[in-house]
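A short write-up of the structure that comes next.
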Number of protein chains: 2
Amino acid sequence: MRTTDLRIIKTKQALHDALLTLLSQKPLEQISIAEICREAKVNRGTFYLHYEQKEGLFEEYFQEIMEDLYQSYEEPYRAVTTLDTNQLDPNTIRIFHHIERFKMFYRIVFSKNVPLTYYYMLFDGIYSLLKRDITSHHVHQMEDHISIDYYSAYQANAIIGLIIQWYRGDFSDSVTMLNQQLAAILKNVRSGG
Amino acid sequence: MRTTDLRIIKTKQALHDALLTLLSQKPLEQISIAEICREAKVNRGTFYLHYEQKEGLFEEYFQEIMEDLYQSYEEPYRAVTTLDTNQLDPNTIRIFHHIERFKMFYRIVFSKNVPLTYYYMLFDGIYSLLKRDITSHHVHQMEDHISIDYYSAYQANAIIGLIIQWYRGDFSDSVTMLNQQLAAILKNVRSGG
DNA sequence: TTACTTATTGAACATCTGTTCATTAAAATC
DNA sequence: GATTTTAATGAACAGATGTTCAATAAGTAA
């Protein structure tokens, strides 16, 4: 099962394409493994050679999306002009652009019947980005008995809380609005709300 | 389908009991609907008359757990003695006792392969408790352009972030530790960490 | 008790799941 | 190009899913 084998690459590509095609027609939970295999013209047994569930296949896409999240986070911050009130955590704030860009994807990730796995993938992504920053920039200012792991989990999931709220309003609020909300919350809480 | 019909009550009770029995033997994802029905001595078609998935059955238990959460939140705060550094949000802090009490349950709720539904049930529970408090106590001190909905979602999910971290360490940290972490984080962030 | 209402049953159906295995064929390696 | 390695196939399996339907029995109401 070396991943460089051309047969494996072809099979996976066919399954990827089939999943994308089907996802444009119906939600993930209504797509069966058998259906994906029919569409991909791949034997069903072959599917189980590479994945355990259709979710595993979906996860491979998610990895690519997470790559974009990391890059969004790294890239220099530009749209500061709209936010006059603060310059806090511009890094954090870029996350909403990423979500917006892949909102079709995140509509799946946040839907009720999907397994928690995807949630954790997003959580882990944001968590590790924040943890890196917290470790390097904030640790010297922090209460010394705060666990960095708990603190990072707290902050990462708080942001996802905003995203959940955003998702539940079908992403109808603008990215700017989300940025402002986060900025205002951080500012408010610091000044002792 | 009136819920007072004795036949319905008996059927649901049998399914509940069967689920509990099976949950003591294996995780939810390994339990099939057919298995539950065999154990409950209820026709499989009858199951579908009341629920769509086994998750729906599990949800009914969750409602009871949520009742306990609400009561935990309401009940007078007692264990303040361990927390000398602050008196902030004692209400919030009582949540960890509740999680601890039902940790067997929450091990299921936070496991990877379970649908997001349960997460949302917990989220909605904490969200509505916080929102009520935020609306009644904090609104006059808050930045006026902060949406209470976003703010509540932020705070509620932040707390769940701590719980996720706790869960991932198999709940080995003490409730006191969690209380201290939350208190320290809130204190830290307020003083401008 | 009787008559009415409706939840439950069992059977059947097409489809899906997860797994196994010998066979085939496509790659990698020499 | 020949040989070796191994991925993919097709067929078959027991069991699960989700749905339908007429028959039954358990409940409600008079």
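Below, read A as the first sequence line, B as the second, and so on, with proteins coming before strands; counting in each chain starts at 1. Given the structure is predicted, the values throughout are model-derived calculations rather than measurements.
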> If we fit an axis to the first five pairs and another to the last five of the helix from C/dT1-D/dA30 to C/dT17-D/dA14, what angle do they make, to the nearest 10°?
Replying inline: 40°

> Heavy atom of residues 34-46 of chain B under 4.0 Å from DNA chain D: which residues?
Replying inline: B/Ala34, B/Arg38, B/Arg44

> In terms of the angle between their ring planes, are A/His16 and A/Tyr61 parallel, tilted or perpendicular, with boundaries placed at 30° and 60°?
Replying inline: tilted

> Do A/Asn157 and A/Tyr127 have side-chain atoms, one donor and one acceptor, less than 3.5 Å apart?
Replying inline: no

>> I'd like to know if the side chain of A/Glu52 pairs up with that of A/Tyr48 as donor and acceptor (distance under 3.5 Å, no hydrogens or angles considered).
In response: no

> If you measure only the distance, is there a donor-acceptor pair under 3.5 Å linking the side chains of A/Tyr154 and B/Gln165?
Replying inline: no

> Mapping B/Glu52 and B/Leu6 onto DNA chain D by nearest heavy atom, which one lands closer to the 5' end?
Replying inline: B/Glu52

> Whole-Å distance between C/dT9 C1' and B/Ile8 CD1?
Replying inline: 15 Å

>> Please list, in numerical order, the residues of residues 9-33 of chain A that have a heavy atom closer than 4.0 Å to any atom of DNA chain C.
In response: A/Lys10, A/Ser32, A/Ile33

> Just how far, in rounded Å, is C1' of C/dT9 from NE2 of B/His50?
Replying inline: 12 Å

> Given side chains that start at C-beta, do those of A/Val114 and A/Tyr119 come closer than 4.5 Å, heavy atoms only?
Replying inline: no

> Which word best sums up how the rings of A/Phe102 and A/His98 line up, parallel for under 30°, tilted for 30 to 60°, or perpendicular for over 60°?
Replying inline: tilted

>> How about NZ on A/Lys26, more than 12 heavy atoms from neighbouring residues, nucleotides or ligands closer than 6.0 Å, or not?
In response: yes

>> Checking A/Asp173 against B/Tyr150: is there a side-chain donor and acceptor pair closer than 3.5 Å?
In response: yes

> Rounded to whole angstroms, how far apart are CZ on A/Arg7 and C1' on D/dA8?
Replying inline: 8 Å

> Does OP1 or OP2 of D/dT19 have a side-chain N or O of B/Tyr48 closer than 4.0 Å?
Replying inline: no

>> What is the separation between atom CG on B/Asp5 and atom P on D/dG27, rounded to the nearest whole Å?
In response: 8 Å

> Does the pair A/Arg132/A/Glu74 count as a salt bridge with the N-to-O cut at 4.0 Å?
Replying inline: yes

> Under 30°, 30 to 60°, or over 60°: which ring-plane class applies to A/Tyr106 and A/Phe62, parallel, tilted or perpendicular?
Replying inline: perpendicular

> Starting at CZ of B/Phe47 and ending at P of D/dA16, how long is that distance when rounded to a whole Å?
Replying inline: 14 Å

> Is the closest side-chain donor-acceptor distance between A/Asp68 and A/Tyr73 under 3.5 Å?
Replying inline: no

